[in-house]
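By convention in this document, chain letters (A, B, ...) are assigned in the order of the sequence lines, proteins followed by strands, and residues within each chain are numbered from 1.
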Amino acid sequence: ACSGGDDGGDGDLTEVKLQLQWLPQAQFAGYYAAVEQGFFEEEGLEVEIIPSGGDIVPQDALANGDVDYAIAWVPKVLGSIEQGANLTNIAQIFQRSGTLQVSWADSGIEEVSDFEGQRIGSWGFGNEWEIFAAMAAEGLDSTTVEIVTQDFNMNAFLQGDIDAAQAMTYNEYAQLLETPNPETGELYTPEDFNVIAYEDTEGAMLQDAIWADTDRLESDEEYEETTVAFLRAVIKGWAFARDNVEEAAQITLEAGSSWGPSHELWMANETNKLIWPAENGIGVMDPAAWDQTVAGALAAVNEQDQHLITEEPPASAYTTEYIEQAIDDLGDEVDTVGSDYQPIEVTLNEGGN
Amino acid sequence: MARLRAAVLGLLGLVGVAGLWEGYKAVGPEEGVLVGENRVLPRTTDLAMPHVWDMVQRLFEPVTSLGDAEPLWRVVLDASVVSLGIATVGWLVGTSVGLLLAVLMQRVRIAEWGLLPWIVLSQTVPLIAFAPVVRSWGSRIEIAGWEWPSWLSVAVIASYLAFFPVAVGALKGLQSPDRIHTELLRTYAASATDTLRKVRIPAAVPYLLPALRLGAASAVIGTVVAEVSTGYLDGVGRLLVSYAGQASGDPAKAWAPIFGAIGLGLVAAGFVALLGALMRNYRRGEAV
Amino acid sequence: MQDAVRIEGVSKTFVTRSGQVHALADVSLTVGEGEFVSLIGPSGCGKSTLMRLVADLEQPTAGTVEVFGKTARKARVDQDYGIAFQQAGLLPWRTVAANIALPLEIHGVGRRERRSRVAELAEMVGLSDFADHHPDQLSGGMQQRVAIARALAERPRLLLMDEPFGALDEMTRERMQSELARITAETGAAVVFVTHSIPEAVFLSDRVVVMSPRPGRITSVITTGIGRDTARDEALRESPAFFEKVTEVRAALHGAPVRSPALEGR
Amino acid sequence: MQDAVRIEGVSKTFVTRSGQVHALADVSLTVGEGEFVSLIGPSGCGKSTLMRLVADLEQPTAGTVEVFGKTARKARVDQDYGIAFQQAGLLPWRTVAANIALPLEIHGVGRRERRSRVAELAEMVGLSDFADHHPDQLSGGMQQRVAIARALAERPRLLLMDEPFGALDEMTRERMQSELARITAETGAAVVFVTHSIPEAVFLSDRVVVMSPRPGRITSVITTGIGRDTARDEALRESPAFFEKVTEVRAALHGAPVRSPALEGR
Amino acid sequence: MSPTTERAARVAAPVLVGVLGLAVWQLLVSVLGVSEYLLPSPSEIWAELGENSQAIREAAWITGGNALAGLVFGAVLGVVLAALAGWARWFDGMLAPVVASVAVVPIVALAPVLNSMYGADSEYGRRAIAALAAFVPVFVNTLRGLRQTTPLHRDLMSTYAASGWQTFRALTLPSAAPYVLTGIRVATSLAVISALVAEYFGGPRGGLGSFISTSAATSAYARAWAYVAAAILLGLGAYLVTVLLERLVQHRLPTGNPR
Ligand SMILES: Nc1ncnc2c1ncn2[C@@H]1O[C@H](COP(=O)(O)OP(=O)(O)OP(=O)(O)O)[C@@H](O)[C@H]1O
Ligand SMILES: Nc1ncnc2c1ncn2[C@@H]1O[C@H](COP(=O)(O)OP(=O)(O)OP(=O)(O)O)[C@@H](O)[C@H]1O
Ligand SMILES: Cc1ncc(C[n+]2csc(CCO)c2C)c(N)n1
Ligand SMILES: [Mg+2]
Ligand SMILES: [Mg+2]
């Protein structure tokens with residue numbers, strides 16, 4: 001399923017499969033932009049982006065050899081690595097956690113320590129570890145709250161089934177702001193909510209990263225070359241998405257996102273905020289953030305007394321070698337830091353439409 | 001005449017359900033009917049129970065505000081057609097496997113005893129537990145340039161639900177001929193294949209048809225679940241997930257793919273009913 | 001001339017969950033070519049079992065069964081006999097013609113030949129006008145006639161019939177008896193005919209074999225003396241000679257007149 | 001003394017999808033108290049319909065039906081008759097005793113009384129040892145005896161029986177006939193008995209009513225002359241007088257001996 | 001084959017197939033080296049079952065409770081509506097398309113709306129799903145059962161001048177009983193699987209379904225399969241209970257034509 005033919009210079013493209021962790025949407029704008037703008041092709045790659053649904057675990061698709069690279073959250077992959085998957089983080093695209101815990105403005109839930117005794121929403125699917133890690137840092141154990149699985153929308157929160165709902169800055173939080181308040185008939189505004197950003201807590205964990213197969217990196221030079229080429233194109237893609245937010249949102253809509261246009265634009269903009277500015281260059285791991293993620297993963301215990309991981313991950317769990325190489329290769333061609341990045345203002349319409 | 005009556009009554013039934021929905025929504029409390037702590041009847045907010053007319057009206061509005069957006073019903077219809085195609089393949093695969101198993105079990109009694117309990121048990125394994133495995137194995141199949149398409153994984157998972165009623169129903173049907181008929185064929189020194197062709201399979205038809213209908217419904221359900229599970233993009237399953245995600249701001253939209261899925265199932269059941277009409281000679285014993 | 005059936009010292013024991021059943025014990029019987037032999041006796045005396053042994057639907061526990069000098073198995077494979085049961089046993093999804101054609105189809109008789117043979121048989125049993133009907137459109141008597149036509153399809157020299165008229169009402173039954181007599185006279189086939197009805201046995205047969213149960217055995221054989229050339233009609237039924245033979249078989253069957261309401265087993 | 005049944009100028013027409021069926025046309029018949037009357041005739045001549053009119057299971061299109069001087073409806077509500085059909089029609093989930101008790105239960109007879117009456121009835125039909133069995137553990141003859149006991153449960157002065165022995169084999173049937181004769185003699189009930197069997201009709205009845213179809217009407221009534229006090233036994237069956245009456249009914253039924261294999265309709 | 005050997009073979013054959021299947025599976029993993037990461041071996045799953053037995057029991061209890069609640073509610077609804085449909089043809093005609101629709105609607109489709117309707121913090125949405133799943137077979141079978149009375153038996157009751165209620169009690173209900181039970185037997189498995197799958201789509205955590213997905217999401221496949229095994233056992237247990245119930249009633253109410 002991997003490289004097809006030698007990547008000779010005569011235009012023979014190397015086939016690459018990239019596994020996403022969800023359906024097409026602006027969260028993955030950089031990859032879709034790289035396809036659409038021909039950045040992958042410039043690098044001699046033909047990239048197939050494979051979306052996933054509820055039960056496809058991207059890092060497993062990678063570990064099984066179904067794909068060549070996968071996008072996944074760090075803590076989930078740490079769990080998989082402990083279970084025996086041999087994977088390496090080759091580019092930490094999102095520098096910050098985008099997870100929020102949202103409650104009503106009058107709920108009195110203002111920080112993690114207020115969770116005690118509350119109904120706390122989470123999607124499950126391994127998205128709950130950040131919550132447990134943040135609570136652990138506050139000395140709360142997971143049995144002091146009631147964890148409620150959220151489904152695909154925020155209705156449970158809006159109807160009062162959940163006291164504090166998990167929300168991504170780029171998605172669910174926008175869903176709230178696209179919903180009319182039945183009392184006023186107007187859309188909800190940020191003032192209606194209390195927002196706890198995990199980025200500001202001890203529990204913050206690293207999210208979307210690009211993962212590769214460790215064994216192949218060690219043994220397959222061609223794969224190494226492909227990896228660097230792939231990363232070069234990805235960097236160009238994300239830089240494009242940063243500099244052309246509206247166009248990037250349009251690209252993901254055309255790639256099959258079913259969100260409304262204002263929602264999609266919001267997502268593209270918020271995703272950019274999680275990436276840029278990238279002080280060490282896009283995708284280069286900040287060791288402190290890595291250590292915090294590992295510490296959180298070690299500390300988190302779920303309500304069934306199960307641990308995400310019980311020991312430090314191996315050294316092979318991440319490397320900056322390839323992303324740094326890619327940044328070097330690009331030189332001045334692309335701004336890989338985005339130090340003067342400025343987000344745009346997005347107005348959400350009802351239903352995201 | 002009788003058909004008209006059925007159609008009118010059926011329509012009345014649907015109107016009745018819509019009436020119940022709106023009636024309850026009108027008189028029921030926002031928070032639903034609670035008995036003690038227990039919510040016995042649902043909430044009546046627009047978020048939980050959109051108006052029937054909103055659901056219908058939403059169908060005719062564009063999916064999103066994008067300039068070239070198609071009306072919602074069109075998108076749902078297109079996706080449903082794709083899902084129907086996949087479900088059909090799943091149904092065909094499941095039916096074939098079910099029939100083969102049934103013939104095997106009918107011919108070899110030990111096989112029946114050994115396999116039947118496991119066939120029953122197989123259906124208690126939740127689909128979602130192995131959907132990723134199927135997709136993973138499928139994605140590695142590549143024969144002479146032909147690559148396993150992702151819809152085929154969906155069809156295979158759907159066939160896992162569809163084969164069951166067929167296997168059980170066909171076995172019952174193949175075992176259903178009167179002894180007098182099988183013995184008659186024995187006096188003709190007929191081969192097992194002849195007995196199968198001339199007696200067992202025709203006699204199985206009345207058992208097979210309900211099994212095929214159940215199988216068709218299962219194939220549709222399996223297809224939708226597998227689409228969601230594996231993240232297949234072009235079917236109703238995907239719309240269900242996506243539009244459910246937009247249900248906070250656009251509650252009526254989430255119902256469109258539900259209607260699509262139901263329509264899908266009804267079309268599948270209708271197709272089997274048609275099959276039944278074609279085979280009515282083999283159902284002469286059945287009470288009408 | 002060769003005997004149609006030769007049964008010698010046959011016993012049959014069934015092993016069931018609740019023990020052994022001695023269905024037949026040391027039964028010997030010969031049926032000549034073209035001879036009409038009825039088996040009569042109380043329920044459970046082994047009439048059907050005996051007939052099924054001849055048809056090779058069961059194997060004897062002891063003794064031998066020969067059909068036209070061959071083993072029963074060989075005779076079955078060679079299609080030396082035709083068979084009919086109490087239930088007509090027509091395939092409900094086949095028309096009358098297709099039902100009659102079934103054995104021919106299975107033995108690979110060509111379409112053309114099949115069609116002409118079926119027409120001939122339908123004519124013989126008086127159902128030409130019903131060839132395209134399905135069994136559920138026929139009365140019980142008509143169905144049974146189709147079954148007889150089917151049994152005759154391959155011109156067997158031996159007909160095995162297990163209470164073929166048992167499910168018919170008496171008037172239809174009498175009519176069917178006359179027809180069967182005519183048909184067997186036409187075809188010259190030997191017949192082994194199981195029945196519960198004494199008048200029916202006497203009316204049709206050259207010999208009536210009376211059996212008794214537990215274990216099943218032959219207790220007497222009565223020659224009716226009604227020749228093949230005697231017309232089987234109303235007049236025969238009303239003749240004193242017929243009545244006499246009926247009384248004789250009845251006596252053989254009951255030993256003495258039965259008074260007490262003996263309970264039948266299950 | 002009051003007549004059990006008085007049918008006067010009764011017609012019955014069924015309206016079906018494919019048109020009207022004249023099941024009965026201008027039928028008149030009286031059954032005296034304690035009299036045993038058989039109805040005989042070809043299939044479809046309206047025997048069952050006539051009986052069902054008496055039982056108030058159908059309403060006449062014209063004419064009147066009186067049972068013990070009341071309307072048929074009143075007689076049904078008053079439970080003036082007991083009824084039995086060709087199929088025993090036992091409730092499979094009830095034991096023999098509970099099946100016999102069913103009508104008593106429905107009419108609110110107390111448990112004690114019910115129990116003693118059921119025991120008495122089981123005794124009468126010779127099934128005391130089987131009171132706790134379920135129907136599927138009984139032979140066809142035994143089931144039919146339970147049905148008869150059930151029909152007798154409320155000591156009706158009129159018994160309606162529609163081919164009650166039609167599904168039994170001939171030997172069991174003859175035994176059941178003797179038993180029925182004994183029981184009706186004991187209870188003194190009048191009986192309307194539908195049958196296809198000429199010997200059965202002659203054996204049991206005071207009068208045999210012969211019917212013909214399309215439309216159903218009574219063509220002749222034959223008095224058997226076999227008194228209630230004559231023993232219904234083997235000797236009777238073998239007597240020339242019996243044979244004569246059989247022949248007489250046969251003649252009435254067939255008009256002249258039938259030769260051509262006339263096709264029955266569906 | 002003698003009756004005793006037959007009985008033995010009936011038990012031995014499925015056991016043999018099961019053992020054979022497990023052996024092949026274990027062999028694939030431990031000898032042929034199919035990656036344990038992808039396909040955990042039976043022994044690993046067994047070990048996880050042991051380690052998490054407490055958690056698994058609690059989870060099975062929750063899912064089982066939801067399935068049971070749904071089953072009871074769905075079955076009652078099915079019987080009541082079938083009784084109405086059996087009583088009035090027009091009602092049956094009106095119900096037909098509704099039941100046909102309920103029979104083909106995928107759970108995934110309904111889960112989000114029902115969660116929203118009943119509240120994601122409660123188990124009611126899931127119970128409603130289990131109830132809907134159980135309703136269909138119970139309704140269909142009960143209705144069929146109520147139509148099993150023969151004209152002969154109805155005539156008989158009529159000759160007894162029995163009231164409608166008496167006829168229902170003495171005739172209609174007992175003839176329908178085996179069919180109702182068959183419906184319940186089919187409904188049991190459906191209720192369990194539906195309650196389980198519904199947990200994938202929101203609501204409180206704690207049931208088998210939510211832990212299957214959580215475990216799988218962190219690649220803890222052996223643990224996930226331990227939960228799946230528990231789900232299978234739960235389904236099997238529920239099925240056996242209803243089979244037993246069916247036998248019991250069939251024993252008390254022999255229908256004359258035992259399947
Ligand atoms: N397959 C079988 N297994 C066990 N017992 C059998 C089997 N077939 C017949 N029997 C028993 O063998 C005995 C003879 O049965 P058979 O059917 O030959 O009697 P029959 O004379 O034809 O009776 P009927 O007049 O009722 O048809 C009976 O006791 C019957 O129960
Ligand atoms: N409910 C009904 N609807 C329409 N036609 C009927 C109905 N019941 C009886 N008939 C018709 O009325 C005629 C007389 O039927 P009936 O059952 O009384 O005949 P029978 O003498 O009892 O026949 P058999 O000997 O076959 O029992 C037949 O032509 C029959 O088809
Ligand atoms: C079945 C299922 N339900 C919800 C999510 C939610 N989820 C997981 S990560 C993420 C961030 C945005 O992509 C979101 C919304 C899921 N993955 N699978
Ligand atoms: Mg027999
Ligand atoms: Mg009749």
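- For E:Ala103, the part lying under 4.5 angstrom from a heavy atom of chain B is the backbone only.
- Residue with the most contacts toward chain B among E:Leu95, E:Leu208, E:Val11, E:Val113: E:Val113 (heavy-atom pairs, distance under 4.5 Å).
- Minimum heavy-atom separation, B:Leu12 to E:Met94: O-CE, 3.7 Å.
- For B:Val40, the part sitting under 4.5 Å from any heavy atom of chain E is the backbone (N, CA, C, O) and nothing else.
- For E:Tyr118, the parts lying under 4.5 angstrom from a heavy atom of chain B are both the backbone and the side chain.
- Counting non-hydrogen atoms of neighbouring residues, nucleotides and ligands closer than 6.0 angstrom, the CZ atom of E:Arg89 reaches no more than 12 such neighbours.
- Taking chain E as the reference chain and counting heavy-atom pairs below 4.5 Å, the highest number among B:Glu112, B:Arg39, B:Glu31 is found for B:Arg39.
- Within 6.0 Å of CZ in E:Phe73 there are 12 or fewer heavy atoms belonging to other residues, nucleotides or ligands.
- Each of B:Leu41, B:Val220, B:Leu115 has some count of heavy-atom pairs under 4.5 Å with chain E, and the biggest count is that of B:Leu41.
- The part of B:Ala244 that comes within reach of chain E is its side chain, from C-beta onward, which places non-hydrogen atoms under 4.5 angstrom from that chain.
- With a 4.5 angstrom heavy-atom cutoff, B:Val17 touches chain E only via side-chain atoms.
- Contacts with chain E were tallied for B:Gly13, B:Pro42, B:Gly265, B:Pro117; B:Pro42 has the most, counting heavy-atom pairs under 4.5 Å.
- Closest non-hydrogen pair, E:Val197 versus B:Pro126, comes out as CG2-CB, 4.5 Å.
- Residue-level contacts of residues 227-236 of chain E with chain B, in order of numbering, are E:Val228, E:Ile232, E:Gly235, E:Leu236; threshold 4.5 Å between heavy atoms.
- For B:Leu9, the parts lying near chain E are the backbone and the side chain together; criterion is any non-hydrogen pair under 4.5 Å.
- Counting all heavy atoms, side chain and backbone alike, E:Ala9 lies closest to B:Trp113 at CB-CZ3, 3.5 Å.
- In terms of heavy-atom pairs under 4.5 angstrom with chain B, the leader among E:Val192, E:Val98, E:Asp92 is E:Val98.
- Looking at B:Val228, only its side chain comes within 4.5 Å of chain E, counting heavy atoms on both sides.
- Within the model, atoms CG of B:Leu47 and CE of E:Met117 stand 12.0 Å from one another, a figure rounded to the nearest 0.5 Å.
- At a 4.5 Å heavy-atom cutoff, E:Leu16 makes no contact with chain B through either its backbone or its side chain.
- When each of B:Leu14, B:Val236, B:Leu266, B:Leu214 is checked for heavy-atom pairs under 4.5 Å with chain E, B:Leu266 comes out on top.
- Under the side-chain contact (heavy atoms from CB on, under 4.5 Å) test applied with E:Val105, the options B:Leu264, B:Val224, B:Ile262 reduce to a single match, B:Ile262.
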